[in-house]
Amino acid sequence: MGTSAYTKEYFCLRGTSTYARGYLAVQLVDVGLELEGNEEEEEDERERHRGRRRDGDREKKKRGNGRRRRSSRGERGEEELQTRVEKRERGRMKKGRRDPEAKGREREEEEEEEEERPEIKSCKTAKTRKNIKNENARKMEEEEEERNAKKKKKHGSAKREREEDRSKCTVKEKAREGRRRKHKRVETSSEPETSEEDDLKEETEEREVRPESLSPEELEMLKEAVEEKKKLVQGLRGKPWPMKKKLVTLRESQEFVEKYEGALGKGKGRKLYAYKVMMSKKWMKFQRDFENFKTACIPWEMKIKEIESHFGSSVASYFIFLRWMYGINMILFCLTFGLVMVPEALMGRPYGTIPRKTVPRAEAPSAMDFAVLWDFGGYAQYSVLFYGYYNNQRAIGWLKFRMPLSYFLVGVGTVAYSYMVVIRTMARNANESGVGDDNSFNFSWKIFTSWDYLIGNPETADNKFASITTSFKEAILEEQESRKDDNIHLTRFLRVLANFLVLCCLAGSGYLIYFVVRRSQKFALEGLETHTWWERNEVNMVMSLLGMFCPMLFDVISALENYHPRVALQWQLGRIFALFLGNLYTFIIALMDEINLKREEEKIIKFNITTWEASLYNATGSENSTAPPVTFHPADVPRGPCWETMVGQEFVRLIISDTMTTYITLLIGDFLRAVLVRFLNYCWCWDLEAGFPSYSEFDVSGNVLGLIFNQGMIWMGAFYAPCLPALNVLRLHVSMYLQCWAVMCCNVPQERVFKASGSNNFYMAMLLVILFLSTLPAIYTIVTIPPSFDCGPFSGKKRMFDVIQETLESDFPAWFSKVFSYASNPGLVLPFILLMVLAIYYLQSTSKSYKEANVDLKKKLQTQNEENKRKNKLAALKAQTDLEEARAATQTAERQKNINASLQRQHAEEEEDLGSSQRKNGRPPPSVRHQDGRPPATRAPVPRTLHPDTHRSLGYLPGGGFPQQREPRMHRVPSLQRH
Amino acid sequence: MRGNDLKQAWQRMYTMIGKEENPFRDRIVETFSEDGLGNLSFNDFVDMFSALCETSPRELKTIYAFKIYDFNRDSFICKEDLRKTLNKLTKGDLTPEEVTLVCDKSIEEADLDGDSKLSFSDFENMISKAPDFLSNFHVRI
């Protein structure tokens, strides 16, 4: 323990000087640190620190007695003294903080290659400042000795300060040590702070704080200081300092807080705090995992994202739409499957018990053939898949399940649910697009925030690169479109011309369809056998030819219009939609014709059956009136044509053939083409990939329309074939995978990748139209055509909706049906409808006004933004001139400072030789000058601190080196002592 | 502190956090290294993670993001920096005209003081409104 021995000796030598006593403790620390610089063992170091502290305390107690005796003299000039003391303390503190670092530096250099230039600088400046102080000290020695007496009163505070200084030094040692320890713990220490905090705790416990010696004001100030420290600790994470600096600051402030919080009776919440931090971390992790889980739960999200990154959002919008359709169909499937098909299959009469559930004798031999089943005849026809299989028994099974009622309600429910979902989605999409996204920094955000730093997988990274490129291309396209201003008259003319041409096309094809349908009806009446193959299949051929060539024609025409590709897509969609309506029209016409034919047939059969039954009855009756009636096998009973099943079958066949066509065109048109282009390119005379056939692009409009019309078929046919939603789910599921694969493997991105509109309300609108168009015929048939007499759940009733009436009468109490009949009275229904219309009108007008207000506000916001930008520009200009001035001022100040510093350095070098004891002696408080009204000694560093500030006013630059660490607010504490 | 095993551990973590794929990996390392050449001391390494971790505050991230995108370290993001960033992001898939257009547009959007380069305050203002800066500018350890 060389140091303590040395200090004791030193005390003996110098102890008599009153003036020196006040600074002994601080200087001791310096000496100690200097000596320690040569030591190796950290443990020993700490021991020494403690020893020294004990010595210091003893000394202080002695001094304290003397001080109290003299304290009465120190009354006047308190204000100046306070500031002086403050300054001195601050200076000392800086020194205390920097010196150990400077001295420990050499050691650190050996171990790690980190060298902080700013720190060296600060050390140097600290030294120079010290030297200034020394000079001043020598000059003012006499004055100072007088004044010292007054200061004694303040020594209480100074003592504590000193204590703090020392503690800081130890802290620094500990910090260094801790850091070193941390280096060893690289892998294991996820939270190094906590373990080191513990070290600190031990350290603080050894030190005694005497809060009882503080006055309330001091306590107040102390509290404030502690709060500030705490704030510093909290904000430390946000400081762009190197880790070393952060650690040092953290330790200092924690030490401080530890010490004084204990004194103030706080600091018990530490465990709670740690617990809170831990919990918040856990919570965050949980949230993250939950987010991931949620994303993982969205079906095909990754596939769609991948497609979006390569083909742009317009292609992705198709797949999103497909996924949405899949969801809807899933619900429809659940409804029909759960409430109609399964109950009938489980609880209804089994197959073969009644005529409607049996294959007729004539069809029985071929009922299991694949061709028949593929056509949904034979066993497929007489199964739960179709309307005709269901029995009209009112309640089935032990649950008394009302089968006919359930069938009817599910049919109505599917349509109602579809309406609801489509409209709700449209409204939500409209909302989203109404709010609008802030596009003020579109490109900058794309540049600076689009890369996801989490990406680690090469494939994902490739996708991300592609998606960023695509998004840039989309944005560039938007930008170019917005800049484009051609001859507006020419464009207008061309657009009108294009629309005219398209209308001609549509009218022509409409007439063609009408003509062909009429002709085919005539042929049908004459009998199909007399006509050629072409005449028999005319309608279908015309329809498919139109469907093939008209879209191409529209595409060519739309090139005239020069629209933004997104708008062009919508036009294209609308036109093809109109064309396809013809398709729908012919289909419905054909269906109605067939229904009428079947009903004619049914009338005849019904008559035949009654005569057949009568003859049967007569025959048995005449032979033997008491004999049991002859039972026929259900397969032999004659039956009606059951038009409902026929309609269902038509729809199912249509869906199947449609699906097959889609898949086959996909395979041939895309896959085969891509394969040929790819491999024939090696032995072909021109470049197939770049030239004529090339690879196909993904046809968004065609696919979307196919999907929409397909859905329309489902809605139309679902009532007569409960299996349709199930089939559709299957189809959508397969086509999701197939199309995803086909897009990624055989298509190339469009030449002009464009951004899909935020809401695909256009798709939704078309879907709504189709939904309406397809429910019309379904409702018409349900309401106007009486059900078949011998098949389906409603057989024997006049109309299908009679099932409601029946249920009301038999299953509900009498008063309910009475109430219902009152409620359905036109006198009540009409006013109610009127009320609803009024409500709709009101809501619509309010929403309109809201929309207007929204647009207004948006406009205002935009103008304000622009104004702000302009203002900012002005302010920036002003700030720039200010900065230049400040720079000029700084430069002059700097120059002056340099001169001063060089002078002082000379002095310092001289002084270095004088030895440590001399040096300590010659360091009086620099604040003496203050009293003489001369500029304060700390003037020189002022421009230096000003420098970063001026920068900050302009937007401070992190590039030029980290901003200066702010003084930890230790000096607040000494200022307490003024009271 | 560049012991051998530390270096190995560093290498392992480097691959683990998936910066292999990051187009800015060199810039990140350069920014956080004290010598500016990409040699990380342990403290630099810890700095890097403390800045890029999920919980670090937005201000800190903004400061380091600015440094990362400031290729020539002149405390301004100029058009040349933007061009470099863009080429790294798109792997050079955009034509020079498109790149120029994007650079011009983004300067026009974000530059508040009209010096046709982005100072830190411009950058901060722009980033503070970006919706997915925080979610994208972090790594998981």
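Both backbone and side-chain heavy atoms feed into the values below; hydrogens, waters and symmetry mates do not. What you see is a predicted model; the values in this text were computed from it and never measured. Sequence lines set the chain letters: A, B, ... in the order given, protein chains first and strands last, and positions in each chain run from 1.
In terms of non-hydrogen atom pairs under 4.5 Å with chain A, the most contact-rich of B/D93, B/T90, B/D47 is B/D47. Taking chain A as the reference chain and counting heavy-atom pairs below 4.5 Å, the highest number among B/D44, B/I77, B/T85, B/L101 is found for B/L101. Contact count against chain A (heavy-atom pairs under 4.5 Å) is highest for B/E98 among B/E98, B/E108, B/E59. Listed options A/T470, A/I476, A/N868 were ranked by heavy-atom pairs under 4.5 angstrom with chain B; first place goes to A/I476. Note: B/M126 leads B/M126, B/K61, B/E124 in heavy-atom pairs under 4.5 Å with chain A.
Contact annotation for A/K446: only backbone heavy atoms (N, CA, C, O) come within less than 4.5 Å of a heavy atom of chain B. For a residue to count as touching a neighbouring chain, one of its non-hydrogen atoms must lie under 4.5 Å from one of that chain's; by this rule B/L89 touches chain A with backbone and side chain alike. Heavy atoms of B/F133 lying under 4.5 Å from chain A belong to its backbone as well as its side chain. Interface remark: A/S280 contributes no atoms to any contact with chain B (heavy atom separation under 4.5 Å). Proximity to chain A is absent for every atom of B/I107, based on heavy atoms less than 4.5 angstrom apart. In this structure, no portion of B/L134 lies under 4.5 Å from any heavy atom of chain A. Proximity to chain A is absent for every atom of B/A65, based on heavy atoms less than 4.5 angstrom apart.
A salt bridge is defined here as a Lys NZ or Arg NE, NH1 or NH2 lying under 4.0 Å from an Asp or Glu carboxylate O, and A/D462 with B/K91 meets this definition.
Residues A/F472 and B/L94 have side chains in contact (heavy-atom distance under 4.5 Å, counting atoms from C-beta outward). When side chains are defined from C-beta on, B/K105 does not count as touching A/N442, because their heavy atoms never get closer than 4.5 Å.
Taking NZ from A/K473 and OG1 from B/T95, the interatomic distance works out to 8.5 Å, rounded to the nearest 0.5 Å.
Listed by chain and residue number, B/Y64 satisfy the ring pair (Phe, Tyr, Trp, His ring centres under 6.0 Å) test with B/F32 (two or more places apart in sequence, or in another chain). Applying the side-chain hydrogen bond (donor to acceptor under 3.5 Å, both in side chains) test to B/N136 and every residue at least two apart in sequence or in another chain returns nothing.
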### Test log, rule ring-ring contact (aromatic ring centres under 6.0 Å, His included), inputs B/F137 and A/F448
CA-CA 10 Å; B/F137 195 75; A/F448 294 119; over 10 Å; no
### Message
What verdict does the side chain to side chain contact (heavy atoms under 4.5 Å, CB included) test give for A/W451 and B/K88, after you've listed the backbone C-alpha separation in whole Å, the side-chain angles of each residue and the deciding distance to 0.1 Å?
### Response
CA-CA 10 Å; A/W451 182 262; B/K88 276 185 187 293; over 6 Å; no
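Shown here for A/S444 and B/S106, the closest heavy-atom pair between the two residues is OG-O, 3.3 Å.
Under a 3.5 Å cut-off, the side chain of B/E109 and the backbone N or O of A/F443 do form a donor-acceptor pair.
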